[in-house]
Amino acid sequence: MSVGVVGLVMAGPASAATTKVEITTPSGYGLVQNRYGTNCSYEVAGTVDDYSADAETVTITAKPPTGAVKTLYGPQKPAAGTVTGTWKPTVRGSWTITAAQGTSTKSVTVQVGTGTQLPPFILGGGCLITAP
């Protein structure tokens with residue numbers, strides 16, 4: 001019995017893991033496929049497996065092709081398994097969206113073209129992409 005107790009005492013807590021990062025808003029409409037648009041708003045979700053009281057903080061960032069990384073969420077302790085932030089890209093090019101909890105990260109790289117946010121009564125307020 002004492003061997004089992006020693007094993008339990010020696011076992012540390014499982015490390016936190018970022019399991020997914022995704023842009024949950026559709027990319028956009030227009031002649032350019034699979035692009036997000038400047039001046040359009042998108043919801044970004046990061047999923048983590050540790051949202052306990054002692055969980056490490058979560059941060060979601062967006063890195064533009066040039067310039068400083070922008071924080072979309074956090075750093076903050078997660079209240080649930082998925083946290084969200086709003087991303088509104090300002091420049092065209094390749095952006096990297098990253099969710100991190102402690103040292104665990106997940107990233108996705110997306111392309112951004114010239115966009116115009118549509119009013120809610122047109123295509124649900126989506127983004128019209130006019131140029132790559």
Side-chain angles (χ1 to χ4, degrees):
M1 179 170 178
S2 59
V3 172
V5 171
V6 171
L8 289 174
V9 171
M10 293 175 63
S15 62
T18 306
T19 59
K20 179 171 52 171
V21 63
E22 62 184 328
I23 302 168
T24 58
T25 309
S27 58
Y29 305 96
L31 298 175
V32 183
Q33 297 292 318
N34 301 318
R35 297 245 177 193
Y36 294 86
T38 57
N39 305 309
C40 296
S41 293
Y42 301 95
E43 185 174 281
V44 176
T47 304
V48 297
D49 68 357
D50 184 3
Y51 48 96
S52 66
D54 355 326
E56 293 186 75
T57 60
V58 175
T59 304
I60 301 175
T61 58
K63 183 181 182 315
T66 59
V69 172
K70 300 170 191 257
T71 300
L72 309 178
Y73 173 89
Q76 187 172 322
K77 286 195 178 273
T82 300
V83 297
T84 60
T86 300
W87 172 52
K88 189 171 185 177
T90 54
V91 296
R92 293 172 22 177
S94 183
W95 285 69
T96 302
I97 310 293
T98 302
Q101 183 176 38
T103 58
S104 175
T105 64
K106 291 288 182 187
S107 295
V108 63
T109 300
V110 297
Q111 298 302 313
V112 173
T114 302
T116 301
Q117 187 81 53
L118 299 170
F121 58 88
I122 299 176
L123 298 172
C127 188
L128 177 63
I129 311 299
T130 58

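Remember, it's a predicted structure, so these values are computed and weren't measured experimentally.
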| query | Roughly how far, to the nearest 0.5 Å, is OH of Tyr29 from CG of Leu128? | reply |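 Taking CG in Leu128 and OH in Tyr29, the distance rounds to 11.0 Å.
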| query | Between atom OG1 of Thr116 and atom CD1 of Ile122, what is the distance when rounded to the nearest 0.5 Å? | reply |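 Going from OG1 on Thr116 over to CD1 on Ile122, the span is 11.0 Å.
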| query | Under the salt bridge (charged side-chain N to carboxylate O under 4.0 Å, His left out) rule, what pairs show up with a residue in residues 17-35, not counting sequence neighbours? | reply |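 Only Lys20-Glu22 qualify under salt bridge (charged side-chain N to carboxylate O under 4.0 Å, His left out).
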| message | Tell me which pairs pass salt bridge (charged side-chain N to carboxylate O under 4.0 Å, His left out) where either residue lies in residues 94-110, with sequence neighbours left out. | response |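 Matches after skipping sequence neighbours: none remain.
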| Test side chain to side chain contact (heavy atoms under 4.5 Å, CB included) applied to Thr24 and Val44, step by step | CA-CA 6 Å; Thr24 58; Val44 176; over 6 Å; no
| query | With Arg92, which residues qualify under side-chain contact (heavy atoms from CB on, under 4.5 Å), at least two apart? | reply |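 Only Thr38, Thr114, Ala131 meet the side-chain contact (heavy atoms from CB on, under 4.5 Å) criterion with Arg92.
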Which donor-acceptor pairs under 3.5 Å do side chains of residues 96-103 form with protein atoms, sequence neighbours excluded?
residue	atom	partner	partner atom	Å
Thr96	OG1	Thr109	OG1	3.4
Thr98	OG1	Ser107	OG	2.8
Gln101	NE2	Asp50	O	2.7
Gln101	NE2	Glu56	O	3.1

| Gln117 side chain to Gly125 main-chain N or O, any donor-acceptor pair under 3.5 Å? |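 Side chain of Gln117 to backbone of Gly125, a donor-acceptor pair under 3.5 Å: yes, one is there.
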| Test item: Thr18 side-chain N/O and Val48 main-chain N/O as donor-acceptor pair under 3.5 Å |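 No, because the side chain of Thr18 does not come within donor-acceptor range (under 3.5 Å) of the backbone of Val48.
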| said: Is there a continuous path of hydrophobic side-chain contacts, each under 4.5 Å between heavy atoms, that joins Ile60 to Val110? | reply: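 Linked, Ile60 and Val110 end up in one cluster.
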| message | Please tell me whether Ile23 and Leu123 are part of a single hydrophobic cluster in this structure, the criterion being side-chain heavy atoms less than 4.5 Å apart. | response |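 No, because Ile23 and Leu123 fall into different hydrophobic clusters, even though each may have its own neighbours under 4.5 Å.
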Tell me which donor-acceptor pairs under 3.5 Å the side chains of residues 65-89 have, and how far apart each pair is, sequence neighbours excluded?
residue	atom	partner	partner atom	Å
Lys77	NZ	Ala55	O	2.5
Thr82	OG1	Thr47	OG1	3.3

| task | Kindly state each residue pair satisfying disulfide (SG to SG under 2.5 Å) with at least one member in residues 21-119, sequence neighbours excluded. | result |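 The answer is Cys40-Cys127.
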| request: Decide yes or no for Thr90 and Trp95: does some side-chain heavy atom of the first lie under 4.5 Å from some side-chain heavy atom of the second? | output: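 The answer is yes, as the side chains (C-beta and beyond) meet within the 4.5 Å cut-off.
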